[in-house]
Amino acid sequence: MLHELFLNDNHFTWLAITTTGDLLTLLQFPFMQRAMVGAVLMGILGGLLGCFVTLRQLSFFSHAVGHAALVGVALGVLLQLNPTWMLLPFTLVFGVVVIYFIDKTDLASDSVLSIVLSGALAIGIILSSLIQGYRGNLMAVLFGDILAIDLTDLILTMLVLVGGSIFLLSTLRQQILLTLNLGVAKVQGIPVQIYRYGFVVLLSLAVAVAIKAVGVLLVNAFLVIPASTAKLMSHHFGRFLLLSVIVGSTTSIAGIVASGLFNLASGPSIVLVQFLGFVAVFGWVKFMGKGA
């Protein structure tokens, strides 16, 4: 039996699915349809960017951007604006500023990230303490709820995905060279800084649009786990890229279904399915000797 309690078209307090028929019935609701579309879009986006994030060792960067986004969320709530509209410019500025600091100092990148992240997080916590009354928007962004995404979120995700795909795929040879050998890329005249900043802008925007689905606390896993799983299965870059996209989208859908089946939060359910998939593939590769 399908149990549900709606607050409006986009929000509800809980649901549980016990039969296949209940799942099919649930898929008829607009919020579930939006969630499924969003899961596919974000899964593809996360899988695509995750390949470069893992190979370029930018996992901590995306983690820092996601956590620092708390400032944008808190500002949005304080100013009574849609947190999504505050997240986009804030994560974008934060990402560019971090790369600028890394380029202009002799400090290690992880040190710069830790410093800037700590400062932004401190500001975010202080701003959060100033919020009076209902903090539902803040909590939703912290922990994520892909079932609450609206048409605006889908459009923004689609724009970032299309823009990112055009940017990465049209410059794929240069991106691969930048990833594997930065020195050779410079010698061949590739505008390294332009590509670096371009990727940081794209990654920051991707983090911003994914936060509403999986939350600030788990957004980094959304980028890293599918790509890491795909990397276990293939060392050929083309197959690695394709597998990462497939893993990202399918595990996102499976996570939504699992959240309904077991009455769990949608964001953590997606990441949990991705984690279990990683463990399964790791075991398969480790003990069966598979992988291409």
Side-chain angles (χ1 to χ4, degrees), residues 10-11 38 41-42 45-46 49 53 58-102 112-161 163-164 197-224 265-268 270-271:
N10 297 328
H11 301 82
L41 295 178
M42 292 180 190
L45 181 61
L49 294 183
V53 168
L58 290 173
S59 300
F60 188 43
F61 178 86
S62 58
H63 175 76
V65 172
H67 279 66
L70 178 63
V71 177
V73 177
L75 279 174
V77 176
L78 281 172
L79 299 175
Q80 297 183 341
L81 299 173
N82 187 333
T84 301
W85 294 113
M86 294 300 296
L87 273 175
L88 289 170
F90 180 80
T91 53
L92 178 59
V93 171
F94 179 85
V96 172
V97 167
V98 167
I99 290 296
Y100 179 80
F101 282 168
I102 291 174
V112 175
L113 282 168
S114 297
I115 292 169
V116 180
L117 170 61
S118 299
L121 198 56
I123 295 172
I125 293 172
I126 291 173
L127 291 176
S128 300
S129 67
L130 299 177
I131 299 174
Q132 303 295 325
Y134 178 66
R135 301 188 183 188
N137 288 336
L138 182 60
M139 293 299 103
V141 176
L142 279 175
F143 300 104
D145 186 2
I146 197 171
L147 298 173
I149 62 174
D150 54 27
L151 183 59
T152 300
D153 297 314
L154 292 180
I155 293 174
L156 289 174
T157 304
M158 176 63 78
L159 290 175
V160 175
L161 176 57
Y197 276 84
F199 185 77
V200 165
V201 168
L202 178 59
L203 179 58
S204 300
L205 292 176
V207 169
V209 297
I211 279 176
K212 190 167 184 179
V214 294
V216 166
L217 302 179
L218 296 173
V219 68
N220 187 54
F222 196 71
L223 285 164
V224 174
S266 57
I270 292 173
V271 174

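- Here the closest heavy-atom approach between residue Ala74 and residue Gly124 is recorded as CB-O, 4.1 Å.
- When every heavy atom of Tyr100 is checked against every heavy atom of Tyr197, the shortest pair comes out as CA-OH, 3.4 Å.
- Inter-residue side-chain proximity for Leu45 and Leu41 is flagged as unmet; no heavy-atom pair is nearer than 4.5 Å.
- Residues Val65 and Leu203 form no side-chain contact, since every pair of their non-hydrogen atoms from C-beta on lies 4.5 Å or further apart.
- When every heavy atom of Ser59 is checked against every heavy atom of Asn220, the shortest pair comes out as O-OD1, 2.8 Å.
- Rounded to the nearest 0.5 angstrom, Leu154 CG and Leu159 CG are separated by 11.0 Å.
- Here the straight-line distance linking atom CZ of Phe61 with atom OG of Ser204 works out to 4.5 Å at 0.5 Å rounding.
- Using modelled atom types, no side-chain atom of Thr157 and backbone atom of Met42 make a donor-acceptor pair closer than 3.5 Å.
- Annotation for Val219 and Ala210: closest pair CG2-CB, 3.9 Å, computed over non-hydrogen atoms.
- The distance from atom CG of Leu117 to atom CZ of Phe60, rounded to the nearest 0.5 Å, is 6.0 Å.
- Listed by chain and residue number, Trp85, Asp150, Leu156 satisfy the side chain to side chain contact (heavy atoms under 4.5 Å, CB included) test with Thr152 (two or more places apart in sequence, or in another chain).
- Annotation: side chain of Leu223 is in contact with side chain of Val207 (closest heavy-atom distance under 4.5 Å).
- The distance from the CG atom of Leu205 to the CG atom of Leu161 is 12.5 Å, given to the nearest 0.5 Å.
- For the residue pair Val71 and Phe90, the shortest heavy atom distance occurs at CB-CZ, 3.4 Å.
- With rounding to the nearest 0.5 angstrom, the CG atom of Leu78 is 6.0 Å from the CG atom of Leu127.
- Contact annotation: the side chain of Phe199 approaches that of Leu58 to within less than 4.5 Å [non-hydrogen atoms, C-beta and beyond].
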Please report the C-alpha distance between Val209 and Asp153 in whole Å, then the side-chain angles of each, then the deciding distance to 0.1 Å, and finally whether the side-chain contact (heavy atoms from CB on, under 4.5 Å) criterion is met. CA-CA 7 Å; Val209 297; Asp153 297 314; over 6 Å; no

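- Looking only at side-chain heavy atoms (C-beta outward), Val160 and Leu202 come within less than 4.5 Å of each other.
- With sequence neighbours excluded, the residues satisfying side chain to side chain contact (heavy atoms under 4.5 Å, CB included) with Val112 are Phe101, Ile102, Thr105, Leu107, Val116.
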